Amino acid sequence: MGSRKCGSCLSGLLIPLALWSIIVNILLYFPNGQTSYASSNKLTNYVWYFEGICFSGIMMLIVAAVLLVLESDNNYKCCQSENCSKKYMTLLSIIFSALGIAFSGYCLAISALGLVQGPYCRTLNGWEYAFEGTAGRFLTDSSIWTQCLEPAHVVEWNIILFSILIALSGLQVIVCLIRVVIQLSKILCGTYSVIIQPGII
């Protein structure tokens, strides 16, 4: 019972993380609250992967909902024996937790790439990725951020939001990984009774 409550708490934690991922990803489309750059396609290409909206957002909400259903008290009716049903539900929980790791891992990777690449902005040479060749070194050298003339403060905007997405998706990976470990321990460490019955040997 305690492990089930723990699993439900972890699954419930995925919901606010997913909602915040959606919000943060949407903000990336509107530097400084302006809509003109999205409509004219003058944003970094990594925001169009919808990593926070679809994968770390909507897909994780679905995963969280399924996991909460699997952890409820009224779902152990798929087999003739309760022990068989619990093992089946545990296996499904592992599969969906692994999907959660894949979805949030995708968001983590894309957000990291977007952070390292830097923003698409207008410089003295026109619209370009001003820091693409710096291999992310621009992140620690704020003196060169002024190369981006437009949108205003777009470097800070991208760094903050992509970093938040990385943190949110990283937490999702950790939560799903903990769930996998918990569910595997139920099977491997004998939380459910063994199949071999006394008196058979």
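Remember, it's a predicted structure, so these values are computed and weren't measured experimentally.
- Between the side chain of S185 and the backbone N or O of I182, at least one donor-acceptor pair lies under 3.5 Å.
- Of the listed residues (W145, F131, Y129), just one forms a ring pair (Phe, Tyr, Trp, His ring centres under 6.0 Å) with F138, and that residue is F131.
- With hydrogens and angles disregarded, a donor-acceptor distance shorter than 3.5 Å links the side chain of Q172 to the backbone of S56.
- F103 and Y106 have their aromatic ring centers separated by at least 6.0 angstrom.
- Nearest heavy atom pair, residue V47 against residue F162, reads CG1-CZ, 4.1 Å.
- Within the 3.5 Å criterion, the main-chain N or O of L17 finds a donor-acceptor partner in the side chain of S21.
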Inset, instruction - Could you go through the side-chain contact (heavy atoms from CB on, under 4.5 Å) check for V66 and L99 one step at a time? - result: CA-CA 11 Å; V66 172; L99 285 175; over 6 Å; no

Legend entry - L115 and L139: CA distance, side-chain angles, deciding distance, side-chain contact (heavy atoms from CB on, under 4.5 Å) verdict: CA-CA 8 Å; L115 181 65; L139 295 170; 3.9 Å; yes

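- Residues A64 and L14 share a closest heavy-atom pair of CB-CB, 3.9 Å.
- Y46 and E51 share no side-chain donor-acceptor pair at under 3.5 Å.
- The two residues L149 and T123 have their closest heavy-atom pair at CD1-C, 4.0 Å.
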Inset, instruction - Take T44 and Q117 through the side-chain hydrogen bond (donor to acceptor under 3.5 Å, both in side chains) test and state the conclusion after the steps. - result: CA-CA 9 Å; T44 175; Q117 181 188 52; 3.1 Å; yes

